[in-house]
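For reference, the structure is listed below as structure tokens.
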Amino acid sequence: GCLTGILAETDFWVARAPLAYRGSAWFSSSLFRVAYAAHANGGREYRDYYATPTSEPFSVTEAVLTAFAKRALSDGAKRAVVVILPDKTSLRQEIARAEPSNYWVTMVHRLSASGVECLDLFPAFLTAARQESVNAFFTGTHYNAKGHALVATAMTGALAGEFEGG
């Protein structure tokens with residue numbers, strides 16, 4: 001109750017779909033849950049938020065990933081690598097665009113500038129999906145064996161020190 005009210009003042013998603021955070025007797029209906037989930041998730045265009053460094057999702061994600069990497073390293077990890085993994089929808093949308101949006105690149109640059117090592121697999125997936133198809137790397141919305149093999153090859157190179165840039 002009270003926390004949801006406070007969050008609703010500043011959090012777009014809580015304000016957009018407060019019942020999802022407060023609960024309601026309506027949620028006993030499966031049909032209502034499905035309809036409300038569609039409403040709550042409608043309009044979530046993360047591409048816009050991650051292309052804009054001043055957006056709340058961008059700054060929170062940047063802070064969390066930076067803190068994660070610094071903590072992992074201070075706790076003795078030899079490396080802390082943030083891996084950018086594209087989803088099926090993003091790949092399809094990027095391939096269909098005349099000009100790629102590269103909405104994730106600013107995050108990669110900002111993290112790298114603050115000393116966080118990044119492995120951006122979006123370019124590798126874009127190249128491979130253009131040569132074959134997006135579906136060649138997914139079963140439903142999850143990576144299939146071929147998708148996992150692409151990730152494994154890129155990560156093996158990165159962990160072996162072959163990854164340049166980031």
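Here, residue 1 is the first one in the sequence, and each next residue gets the next number.
- When all heavy atoms are compared, the tightest approach of Gln93 to Arg97 is O-CG, 2.9 Å.
- How far CH2 of Trp104 is from NE2 of His109: 10.5 Å, rounded to the nearest 0.5 Å.
- By the 4.5 Å heavy-atom criterion applied to side chains, Arg110 and Pro53 are counted as neighbours.
- With sequence neighbours excluded, the residues satisfying side chain to side chain contact (heavy atoms under 4.5 Å, CB included) with Ser133 are Asn135, Ala136.
- Atom CD of Glu94 sits about 8.0 Å away from atom CZ of Arg130, to the nearest 0.5 Å.
- Looking only at distances, no side-chain donor or acceptor of Ser90 sits under 3.5 Å from a matching main-chain atom of Pro86.
- Phe58 and Val83 fall within the same hydrophobic cluster, where Ile, Leu, Val, Met, Phe, Trp and Tyr residues are linked whenever their side-chain heavy atoms come under 4.5 Å apart, directly or through other members.
- A continuous path of Ile, Leu, Val, Met, Phe, Trp and Tyr side chains, each step under 4.5 Å between heavy atoms, connects Val116 with Leu85, placing both in one hydrophobic cluster.
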Where do Leu91 and Leu126 land on the side chain to side chain contact (heavy atoms under 4.5 Å, CB included) test, with the steps shown first? CA-CA 6 Å; Leu91 279 173; Leu126 280 171; 3.8 Å; yes
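- Between Phe122 and Val108 there is no side-chain heavy-atom pair separated by less than 4.5 Å.
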Residues 63-72, side-chain donor-acceptor partners within the protein, below 3.5 Å, at least two apart:
residue	atom	partner	partner atom	Å
Thr66	OG1	Glu62	O	2.8
Arg71	NE	Asp75	OD1	3.3
Arg71	NE	Asp75	OD2	3.0

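- Tracing side-chain contacts under 4.5 Å through hydrophobic residues (I, L, V, M, F, W, Y), one never reaches Val82 starting from Leu73; they form parts of separate clusters.
- A distance of 8.0 Å separates CG in Asn144 from CZ in Phe137, rounded to the nearest 0.5 Å.
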Leu121 and Ile84: CA distance, side-chain angles, deciding distance, side chain to side chain contact (heavy atoms under 4.5 Å, CB included) verdict: CA-CA 6 Å; Leu121 297 186; Ile84 309 298; 5.8 Å; no
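- Taking Phe138 as the reference, Tyr143 meet the ring pair (Phe, Tyr, Trp, His ring centres under 6.0 Å) condition, with sequence neighbours excluded.
- Checking side-chain atoms of Thr127 against main-chain N and O of Ala124 turns up no donor-acceptor pair under 3.5 Å.
- Not a single donor-acceptor pair under 3.5 Å links the side chain of Lys88 to the backbone N or O of His142.
- Nearest heavy atoms, Ala129 versus Ile95: CB-CD1, 3.6 Å.
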